[in-house]
> 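Okay, handing you the structure first.
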Amino acid sequence: MAMAADTALNHPAAGALLAGAGSWGFWLLTRAAGCYAMVLLVLLVQQRSLIFPRPSETSIADPGKTGGQIITLERATAVYFPAADGKNTIVFFHGNGDQIGGVAAHLGAKLNDEEGLGFVGVEYPGYGIA
């Protein structure tokens with residue numbers, strides 16, 4: 001049986017077939033590497049929007065609905081709940097994908113109502129109402 005396999009590989013048609021498979025394999029490998037490189041390039045170019053998605057315009061929550069005052073700082077917008085006499089004020093920066101109309105406004109209202117704490121929830125430029 002081994003003799004038959006050796007004879008088949010030594011046949012001129014088998015050599016042409018194996019040579020063709022090598023160039024076809026190289027073609028497939030270069031195409032796969034090219035596709036992989038394109039995927040990496042798209043991920044590189046789009047990484048900021050994939051990691052830090054902006055809320056859509058229709059999902060912008062109004063922080064004023066929780067009783068907070070909207071104030072404009074030099075380079076940012078914020079929701080503000082004034083502190084009761086003698087109480088501290090917390091400055092809050094929300095996480096990725098949030099906005100001051102979301103967690104910040106509700107957390108500020110809760111801390112202000114229950115503890116009398118002041119609260120400033122700062123909005124990042126380009127997000128929410130900023």
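Please read all numbers here as calculations on a predicted model, not as lab measurements.
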> Strictly by salt bridge (Lys or Arg N to Asp or Glu O under 4.0 Å), give each pair with a member in residues 109-120 just once, sequence neighbours left out.
Lys110-Glu114
> Taking all atoms of both residues into account, what is the closest heavy-atom pair of Asn112 and Gly118, and its distance?
ND2-CA, 4.4 Å
> Can you check whether Leu117's main-chain N or O pairs, donor with acceptor, with Asn88's side chain at less than 3.5 Å?
no
> At what distance, to the nearest 0.5 angstrom, does CD1 of Ile90 lie from CZ of Phe81?
12.0 Å
> Of the non-hydrogen atoms in Gly121 and Ala104, which two are nearest, and what is the gap between them?
CA-CB, 4.4 Å
> Give, for atom CG of Leu111 and atom NZ of Lys87, the distance between the pair rounded to the nearest 0.5 Å.
11.0 Å
> Honestly curious: do Leu50 and Val39 fall in one hydrophobic cluster under the side-chain, below-4.5 Å linking rule?
yes
> Provide the closest heavy-atom pair for Val79 versus Gly68 in the form atom of the first, atom of the second, distance.
CG2-CA, 3.8 Å
> Mind jotting down which residue pairs meet the side-chain hydrogen bond (donor to acceptor under 3.5 Å, both in side chains) criterion with at least one end in residues 32-44? Sequence neighbours excluded, please.
none
> Just jot down the ring pair (Phe, Tyr, Trp, His ring centres under 6.0 Å) partners of Phe119, sequence neighbours excluded, or say none.
Phe92
> With distance as the sole test, does Glu123 use its side chain to make a donor-acceptor pair with the main-chain N or O of Ile100 at under 3.5 Å?
yes
> Please say yes or no: joined through hydrophobic side-chain contacts below 4.5 Å, possibly via intermediate residues, are Val91 and Leu73 part of one cluster?
yes
